[in-house]
Amino acid sequence: MAQKLVHEVVIVGGGTGGIATAASMLKRRPALDLAIIEPAETHSYQPGWTMVGGGIFDASVTRRPMASVMPRRAHWIRQAAASFQPDENQVTLSDGTTVAYGLLIVASGIRLAWEKIAGLEQTLGSNGVTSNYRYDLAPYTWQLVRNLRSGRAIFSQPPMPIKCAGAPQKAMYLSCDAWRERGVLDAIDVEFRTAGNALFGVKEYVPALEEYVERYGIALKLEQNLVAVDGPGRTATFSTASGEETVDFDLLHVVPPQVAPQFVADSPLANPESGFVDVDKFTLRHVRYPNVFAIGDAGSTPNAKTAAAARKQAPIVAVNALAALDGAAPVANYDGYGSCPLTVERGKIVLAEFGYDGKLLPSFPKWLIDGTRPRKLSWLLKSEVLPWVYWNGMLKGHEWLVKPEIKANA
Ligand code: FAD
């Protein structure tokens, strides 16, 4: 007979948002009976993969054993969630075990849909086809960049939503900078082919990025969607407004289309259009099930899907979820904050920080860091400070710069 487990709080997913929220909740209420459902044995700092692809970090520094980041008081259920039954306050695991909860937090991230590009999966990691979106492939990006001396390098970006919308460009600028440094950039035709209709979604950051597009001699091609790759033949096919176009490449950096995980999209928790967990964009509470919340990429909120967003959301979900357990209304609101440090060259970053409706939300005064311009201090933040803050602050429930503002009447 299938096993039945019961926990006061159940978090599905032990990635960035899941661990940070668990740590914040347990810090506030150490005796809480909290379980995390997570099948992976390792936990990744994905923002570091851009730096791996740029030859700055070794891949191993971006990954740690899951056991080392699990909060000490959390119960770790080492399995995948397979389905949700929110009307019975229950999650079913892949082996049929059911886990009943008083409160559920969905933190299962976004799914990389590699299979949506024909021929891609067979050739990833060979024939010059790579992606910083996978731990094992980011080092291959750097290997390709180091070895390329001439030819065509294409960097693709799929339609939104994707996690870290700036990451496709970051890979390109760091590659161009390495080629410039080695004196081969003039012999390489670099193309940025994006499904979007602008270089970046928030207009204040576009001028600085355009300067780099110009400096590196990048051909910017908008409204292009990668649909097929022939690895051995070294061709990539894009669908464009004027039909399909097939082009040769020597290096192809692919960012995969991204969708809600199927078990989320198939569940009663899903937003009918996007398939992500249907939550209120301010309180992060489910719009139909008051004892369900979402954090990070899994949620339907229209913010930039980033670890920075999860860093801001985690304490808000923590206080609102604890309030819900006590039968009270949500006590804090999320402003849509997300951040995307655009690595425009080795040593300089354009630090995009913004919230809902593209409102700029800089963490630092302009005289210290002007986020709309390339800055050395922003590089220091990305290369030294943020990884440290991630492992030692965010995952441990320290809410530096992201303490939730509790509403006056709460
Ligand atoms: P994840 O951290 O992806 O965690 C999801 C977890 O859910 C995983 O541990 C997974 O194993 C688990 N899971 C999945 N399915 C199930 C299931 N069925 N049952 C149980 N558990 C499950 N963000 C920034 O802020 N700045 C950056 O510079 C930046 N750069 C990036 C560069 C790259 C190349 C990539 C790939 C991402 C980058 N990001 C960046 C984005 C950031 O990493 C994500 O937005 C963040 O990790 C989201 O956190 P999450 O908890 O929602 O999802």
Side-chain angles (χ1 to χ4, degrees), residues 10-22 35-54 57 59 62-63 66 69-70 76-84 91-94 99 105-112 130-135 137-138 141 161-171 174 253-256 258 260-267 276-277 294-299 301 303-314 317 337-343 349-353 378 381-383 386-387 389-390 394-395:
V10 168
I11 299 183
V12 175
T16 300
I19 297 290
T21 306
I36 301 179
I37 300 171
E38 170 59 70
E41 285 296 327
T42 54
H43 177 106
S44 291
Y45 177 60
Q46 299 168 39
W49 296 349
T50 295
M51 303 296 259
V52 176
F57 287 178
T62 67
R63 179 162 271 197
M66 188 61 76
V69 299
M70 276 285 154
W76 178 12
I77 300 173
R78 296 177 186 227
Q79 272 204 65
S83 60
F84 296 102
V91 180
T92 301
L93 307 182
S94 48
V99 188
I105 299 170
V106 185
S108 51
I110 196 165
R111 186 175 80 78
L112 303 177
T130 190
S131 180
N132 287 349
Y133 275 66
R134 247 175 50 187
Y135 172 80
L137 292 175
T141 302
I162 62 169
K163 52 181 158 185
C164 197
Q169 285 178 66
K170 298 185 207 177
L174 287 178
H253 181 275
V254 181
V255 174
Q258 297 171 37
Q262 201 59 46
F263 78 107
V264 174
D266 288 344
S267 77
F276 291 100
V277 183
I295 162 94
D297 297 350
T301 52
N303 58 280
K305 291 189 183 293
T306 57
R311 193 161 68 86
K312 189 81 192 273
Q313 290 174 357
V317 171
Y337 175 84
S339 163
C340 190
L342 291 138
T343 50
I349 273 177
V350 171
L351 183 60
E353 290 182 287
S378 309
L381 202 66
K382 165 97 185 154
S383 59
L386 288 175
V389 165
Y390 184 80
M394 181 175 172
L395 299 189

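The analysis underlying the following values was restricted to heavy atoms, covering all of them including side chains, and did not include hydrogens, waters or symmetry mates. In each ligand, atom 1 is the first atom listed, and ligand 1 is the first ligand listed.
One side chain, Thr130 or Thr141, offers a donor N or O that lies under 3.5 Å from an acceptor on the other.
When only interatomic distances are considered, the shortest N/O to N/O separation between Asp297 and ligand 1 falls below 3.5 Å. Considering backbone and side-chain atoms together, Ala81 places an N or O closer than 3.5 Å to an N or O of ligand 1. Residue contacts with ligand 1: Asn132 is placed with no nitrogen or oxygen under 3.5 Å of a nitrogen or oxygen of the ligand (distance criterion only). Among the atoms of Thr50, none of the N or O lies under 3.5 angstrom from an N or O of ligand 1. Residue Ala308 has at least one N or O atom closer than 3.5 Å to an N or O atom of ligand 1. The shortest N or O to N or O distance between Ala307 and ligand 1 is under 3.5 Å.
Residue Pro261 places every heavy atom at 4.0 Å or more from ligand 1. Residue contacts with ligand 1 leave out Arg111, since none of its heavy atoms falls under 4.0 Å from the ligand. Taking 4.0 Å as the cut-off, His43 does not count as a neighbour of ligand 1 on heavy-atom distance. Ligand 1 is never approached by Ala310 to a heavy-atom distance shorter than 4.0 Å.
From the protein, the heavy atom lying nearest to atom 47 (O) of ligand 1 is Thr16 OG1, 3.1 Å. Nearest protein neighbour of atom 39 (N) of ligand 1, counting heavy atoms only, is Cys164 CB, 3.5 Å. The shortest contact between atom 43 (O) of ligand 1 and any protein heavy atom is with Gln46 CB, 3.2 Å. Considering only non-hydrogen protein atoms, atom 51 (O) of ligand 1 sits nearest to Gly17 N, 2.7 Å. For atom 12 (C) of ligand 1, the closest non-hydrogen atom on the protein side is Glu38 OE1, 3.2 Å. Atom 20 (C) of ligand 1 has Ile37 O, 3.3 Å as its closest protein atom, hydrogens excluded (heavy atom only). In terms of protein heavy atoms, atom 53 (O) of ligand 1 is closest to Gly109 CA, 3.6 Å. Nearest protein heavy-atom contact of atom 36 (C) of ligand 1 is Tyr133 CD2, 3.5 Å.
When Gly338, Cys340, Pro341 are ranked by how near their heavy atoms come to atom 26 (N) of ligand 1, first place goes to Pro341. Nearest to atom 21 (N) of ligand 1 by heavy-atom distance, out of Ala80, Pro39, Ser44, is Pro39.
In this structure, the separation between CG on Asn132 and OG1 on Thr50 is 5.5 Å, given to the nearest 0.5 Å. The distance from atom OG1 of Thr21 to atom CE of Met394, rounded to the nearest 0.5 Å, is 7.5 Å. Put simply, CE on Met66 and CD1 on Ile36 are 8.5 Å apart, with the number rounded to the nearest 0.5 Å. Considering OG1 of Thr16 and CG of Leu395, their distance stands at 7.0 Å, rounded to 0.5 Å. With values rounded to the nearest 0.5 angstrom, Thr343 atom OG1 is found 9.5 Å from Gln169 atom CD. Remark: Gln313 CD to Ile295 CD1 distance equals 4.5 Å, nearest 0.5 Å.
Every atom of ligand 1 is numbered from 1 in the order shown, and the set under 4.0 Å from a heavy atom of Gly296 is 52 (O). Heavy-atom proximity to Gly15, at under 4.0 Å, picks out these atoms of ligand 1: 2 (O), 4 (O), 6 (C), 9 (O), 51 (O). Interface of Gly13 with ligand 1, defined as ligand atoms under 4.0 Å from a residue heavy atom, comprises 7 (O), 12 (C), 21 (N). Heavy-atom proximity to Ala107, at under 4.0 Å, picks out these atoms of ligand 1: 5 (C), 6 (C), 7 (O). Close contacts between ligand 1 and Ser108 involve ligand atoms 5 (C), 7 (O), 14 (C) [criterion: under 4.0 Å to a heavy atom].
A 4.5 Å side-chain heavy-atom check between Val91 and Phe263 finds every atom pair outside the cut-off. Side-chain contact between Cys164 and Lys170 is present, with heavy atoms from C-beta onward closer than 4.5 Å. Taking the side chain as every heavy atom from C-beta outward, Phe84 and Val106 approach each other to under 4.5 Å. Under the 4.5 Å side-chain criterion, counting only non-hydrogen atoms from C-beta, Thr62 is not in contact with Gln46. Two residues are said to be in side-chain contact when any heavy atoms from C-beta on lie closer than 4.5 Å; Ile162 and Lys305 fail this criterion.
Between Tyr45 and Tyr390, the angle of the ring planes lies from 30° to 60°, which puts this pair in the tilted group.
Between the side chain of Ser131 and the backbone N or O of Arg134, no donor-acceptor pair lies under 3.5 Å. A donor-acceptor pair under 3.5 Å is formed between the side chain of Gln258 and the backbone N or O of Lys163. A donor-acceptor pair under 3.5 Å is absent between the side-chain atoms of Trp76 and the main chain of Ala35, judged by distance alone.
Here Lys170 has side-chain heavy atoms under 4.0 Å from ligand 1, and that is the only part of it that gets that close. The side chain of Lys382, and not its backbone, has at least one atom closer than 4.0 Å to an atom of ligand 1 (non-hydrogen atoms only; side chain from C-beta on). With a heavy-atom cut-off of 4.0 Å, Lys305 touches ligand 1 through its backbone alone.
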